Amino acid sequence: QKEVEQDPGPLSVPEGAIVSLNCTYSNSAFQYFMWYRQYSRKGPELLMYTYSSGNKEDGRFTAQVDKSSKYISLFIRDSQPSDSATYLCAIYNQGGKLIFGQGTELSVKP
Amino acid sequence: DTGVSQDPRHKITKRGQNVTFRCDPISEHNRLYWYRQTLGQGPEFLTYFQNEAQLEKSRLLSDRFSAERPKGSFSTLEIQRTEQGDSAMYLCASSTSDTYEQYFGPGTRLTVT
């Protein structure tokens, strides 16, 4: 079993839709959760990070962690074509490294 | 504020050749990380440094791979006797030691023919 599982998609939505991206993880000791956005042939860009359970909001983006079910989510409101990218969830493992999911490819159609 | 930079951006090499990549982290960041990403997958951790010290190495980092950060600033990743399976994007990231946020460079895309 992979430590972090993420549906690779692809996910296609119309402009203005609410997007929900999700990951599950296996180790209940994980506490720091991150979302990165990666445009084609570019490096990942940090979007948001959260600690432990709860929600964190930044503009159109909301990150949510449910530690009881080991489930992390990223919601994008009023999605735009410029949001089209691959979204990677990542978990910080004590010792310094990030453990990434496979990434979900999102396409927002005008 | 200058971000993480990597050089070269693209490298095409023949199987069996040695290649070296360079990463320059954000200037005040004392931690530097190397990851590898293959098509359709998330980045996989290879190794990381705090200042000059290499603190952790993944089992993915075979003995053909070596990384250095001699003065605690830039880092190099060398792959000896490249194989076609080494074709991937090699990503560098940096952070401070008191945060969990890692900032990535644009990556070096390696193609082994």
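Quantities reported herein were computed from a predicted structural model and do not represent experimental measurements. Below, read A as the first sequence line, B as the second, and so on, with proteins coming before strands; counting in each chain starts at 1.
Ranked by heavy-atom pairs under 4.5 Å with chain B, the first of A:P8, A:G103, A:P44, A:G43 is A:P44. By number of non-hydrogen pairs under 4.5 angstrom with chain B, the leading residue of A:R41, A:E45, A:K42, A:Q38 is A:R41.
Put simply, NZ on A:K97 and OH on B:Y48 are 10.5 Å apart, with the number rounded to the nearest 0.5 Å. Taken to the nearest 0.5 Å, the CZ atom of A:F100 stands 11.5 Å off from the CZ atom of B:F45.
B:V4 and A:Y92 fall within a single hydrophobic cluster, where Ile, Leu, Val, Met, Phe, Trp and Tyr are joined by side-chain heavy atoms under 4.5 Å apart, directly or via other members. In the hydrophobic clustering of ILVMFWY residues, with side-chain heavy atoms under 4.5 Å counting as a link, B:I26 and B:Y90 come out apart. Note on A:F30 and A:W35: same hydrophobic cluster, where clusters join Ile, Leu, Val, Met, Phe, Trp and Tyr whose side-chain heavy atoms are under 4.5 Å apart, directly or indirectly. Hydrophobic cluster membership differs between A:L46 and A:F33, with clusters built from Ile, Leu, Val, Met, Phe, Trp and Tyr side chains linked at under 4.5 angstrom. A:L47 and A:Y32 fall into different hydrophobic clusters, where Ile, Leu, Val, Met, Phe, Trp and Tyr side chains are chained together by heavy-atom contacts under 4.5 Å.
Applying a 4.5 Å heavy-atom cutoff, the residues of residues 91-110 of chain B that approach chain A are B:L91, B:Y100, B:E101, B:Q102, B:Y103, B:F104, B:G105, B:P106, B:R109. Near-neighbour residues of residues 66-90 of chain A relative to chain B, defined by a heavy atom under 4.5 Å from a heavy atom of that chain, comprise A:L88.
For B:Q37, the part lying under 4.5 angstrom from a heavy atom of chain A is the side chain only. If you measure heavy-atom distances from B:E56 to chain A, the contacts under 4.5 Å come from the side chain alone. The part of A:Y36 that comes within reach of chain B is its side chain, from C-beta onward, which places non-hydrogen atoms under 4.5 angstrom from that chain.
Annotation: A:K56, atom NZ; neighbour count of heavy atoms from other residues, nucleotides and ligands within 6.0 Å is above 12. Surrounding OH of A:Y49 are at most 12 heavy atoms belonging to other residues, nucleotides or ligands under 6.0 Å away. Taking a 6.0 Å sphere around CD1 of B:I12, one finds it holds 12 or fewer heavy atoms contributed by other residues, nucleotides or ligands. Atom CD of B:E68 sits in a sparse spot, with 12 or fewer heavy atoms from other residues, nucleotides or ligands closer than 6.0 Å.
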### Message
With side-chain contact (heavy atoms from CB on, under 4.5 Å) as the criterion, how do A:L98 and B:Y33 come out once you've worked through the C-alpha distance, each side chain's angles and the decisive distance to 0.1 Å?
### Response
CA-CA 10 Å; A:L98 293 176; B:Y33 309 81; over 6 Å; no
